[in-house]
2 protein chains.
Amino acid sequence: MENLQLHITINPELYTKDPESSELGQKIVSTSIAMINSLGFEAFTFRKLGVQIGSNESSIYRYFESKHALLVYLINWYWSWIEYKLVFETANITIAQDKLTKAITLLTEEVEEDNSFTFINEVLLNKIIISESAKAYHTKDIDKENEKGFYKTYKRVVQRVSDIVLEINPSFEFPHMLVSTIIEGAHHQRFFSKHLPSLTDVEEGKNNIVRFYSDLVLKAIVS
Amino acid sequence: MENLQLHITINPELYTKDPESSELGQKIVSTSIAMINSLGFEAFTFRKLGVQIGSNESSIYRYFESKHALLVYLINWYWSWIEYKLVFETANITIAQDKLTKAITLLTEEVEEDNSFTFINEVLLNKIIISESAKAYHTKDIDKENEKGFYKTYKRVVQRVSDIVLEINPSFEFPHMLVSTIIEGAHHQRFFSKHLPSLTDVEEGKNNIVRFYSDLVLKAIVS
DNA sequence: ACATATTAATAGTATTACTATCATATATTT
DNA sequence: AAATATATGATAGTAATACTATTAATATGT
């Protein structure tokens, strides 16, 4: 992908102080992505992050009120990025079938770095989405947070792809279930392929995840 | 389901002292299921459990070395129970197609109480599986724990259903992906329908989750 | 009645996830 | 250049968590 130096705007409810507004904020985001990956979300703490970036714990709290809030921010950044890619990659395609194939590929393929966004490593962020995002929404506060729009970007991606499905088959009953199933499913498969391979049929270099879900969707929506 | 007073045997690696061997142990299991449901796994602690059952925190540690270990125990109990139901409900059915339909229904339908197992509330346990099981395996210790057999029962269920899929279509390439996708997918849909309904197409009393996944599987495996 | 196993009570530890306060450095305005 | 505002840093403190260790009390089996 080209180096466009784009900017993704994040809902201000998702931070206390905009991390993109300062060098420290950007370091918080980029380093937290690396550390959540290496330590796992449980063992990751603002104290450790502070030590790593040579800054103070209390300064980090000025950007995010908790590590949960930081995780929600990262998840939203990711889905805004995916939404941008979705719109970009399906632009000017008139045949709905082709749009859908592009969309499924985007949602199920392995993520590659996007140099249009300097301080975020999309490959590592994708790993966080796969391993940690369930921890963000499987909380007792989900309904309150949902009302505040914490999961809006994810829902918007599902809606966009559902719309493509309905373009192909307007009477298909379950477009949202289909799309959320393949998104979550593909993430599970990538996790399982590394840690619980007997739950998958992944083979090196054969692109089975994309093939499986593409085929699944196309068969599902034929009437 | 009949009241058979059955017993599910759990791998001894999953507890320090068998909770079924004493009244305290059974109370730990049954009360923890209720409390994890009401508090969520994060806010649930052995101290609170001790207070609730009128016992001491240190006594609980004699049965489970951590609350994570308890969660893994519960997950294994659940999947052993599902495996038993799967074998029971598909016994004596010769037509593979019918076996598969039964299996998918079992894996995607809403769970009902099973009075064959006195001190476990399967309805609540199912809710724990839906909301908390990702937290059990999305840890840094997954590979070590997988080696110790912590996820064996789940994998066995997936394998059994995959075998039925292969009976119907021996050349189907992705039976494990298909089965794990529908299991995880159905759980997600039940969670989403309560908290993020725009990600689903669930309608009251229309059994859409079972219908969607049954249809998805049947269409996927036709060659 | 006595040994043994089980459970309870109490205390203690390192760490976490913060909050609060105050000092200092840096940037902006006048 | 001085005054002011803003951002960051340093330090300390708190309640709770997830345990461990030790000792005492109680129940059970022979």
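Because the structure is predicted, anything quoted here is derived from the model rather than measured.
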Does the side chain of [X] get closer than 4.0 angstrom to OP1 or OP2 of [N] through an N or O atom?
X: B/S22; N: C/dT7; answer: yes
X: A/S59; N: D/dG9; answer: yes
X: A/K17; N: D/dT8; answer: yes
X: A/K48; N: C/dT16; answer: yes
X: B/S58; N: C/dA11; answer: no

Nearest to the side chain of [X], heavy atoms from C-beta on, is which of [options]?
X: B/S55; options: D/dG9, C/dT16, C/dA8; result: C/dA8
X: A/E57; options: D/dA18, D/dT8, C/dC18; result: C/dC18
X: A/R47; options: C/dT7, C/dA9, C/dC18; result: C/dC18

Toward the 5' end of DNA chain C, by each residue's nearest nucleotide, A/E65 or B/R62: B/R62

A/T139-A/D141 side chain donor-acceptor pair, cut-off 3.5 Å: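 A/D141 and A/T139 do not have a side-chain donor-acceptor pair below 3.5 Å.
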
Donor + acceptor pair across side chains of A/E122, A/N126 (<3.5 Å):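 No, no side-chain donor-acceptor contact under 3.5 Å.
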
Once you round it to whole Å, what is the distance between [atom2] of [N] and [atom1] of [X]?
X: A/L39; N: C/dA17; atom1: CG; atom2: P; result: 12 Å
X: A/Y63; N: D/dA7; atom1: OH; atom2: C1'; result: 7 Å
X: B/N56; N: C/dG12; atom1: CG; atom2: P; result: 16 Å
X: A/Y61; N: D/dT11; atom1: OH; atom2: P; result: 18 Å
X: B/I60; N: D/dT17; atom1: CD1; atom2: C1'; result: 14 Å
X: B/F46; N: D/dA18; atom1: CZ; atom2: P; result: 9 Å
X: B/E23; N: D/dA27; atom1: CD; atom2: C1'; result: 13 Å
X: B/L70; N: D/dA18; atom1: CG; atom2: P; result: 12 Å

Shortest non-hydrogen contact from B/R190 toward B/V210: NH2-CG2, 4.4 Å

Pair A/E132 + A/K135, salt bridge at N-O below 4.0 Å: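 Salt bridge flag = yes for A/K135 with A/E132.
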
Lys/Arg N to Asp/Glu carboxylate O, B/K148 vs B/E145, below 4.0 Å: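 Salt bridge: no.
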
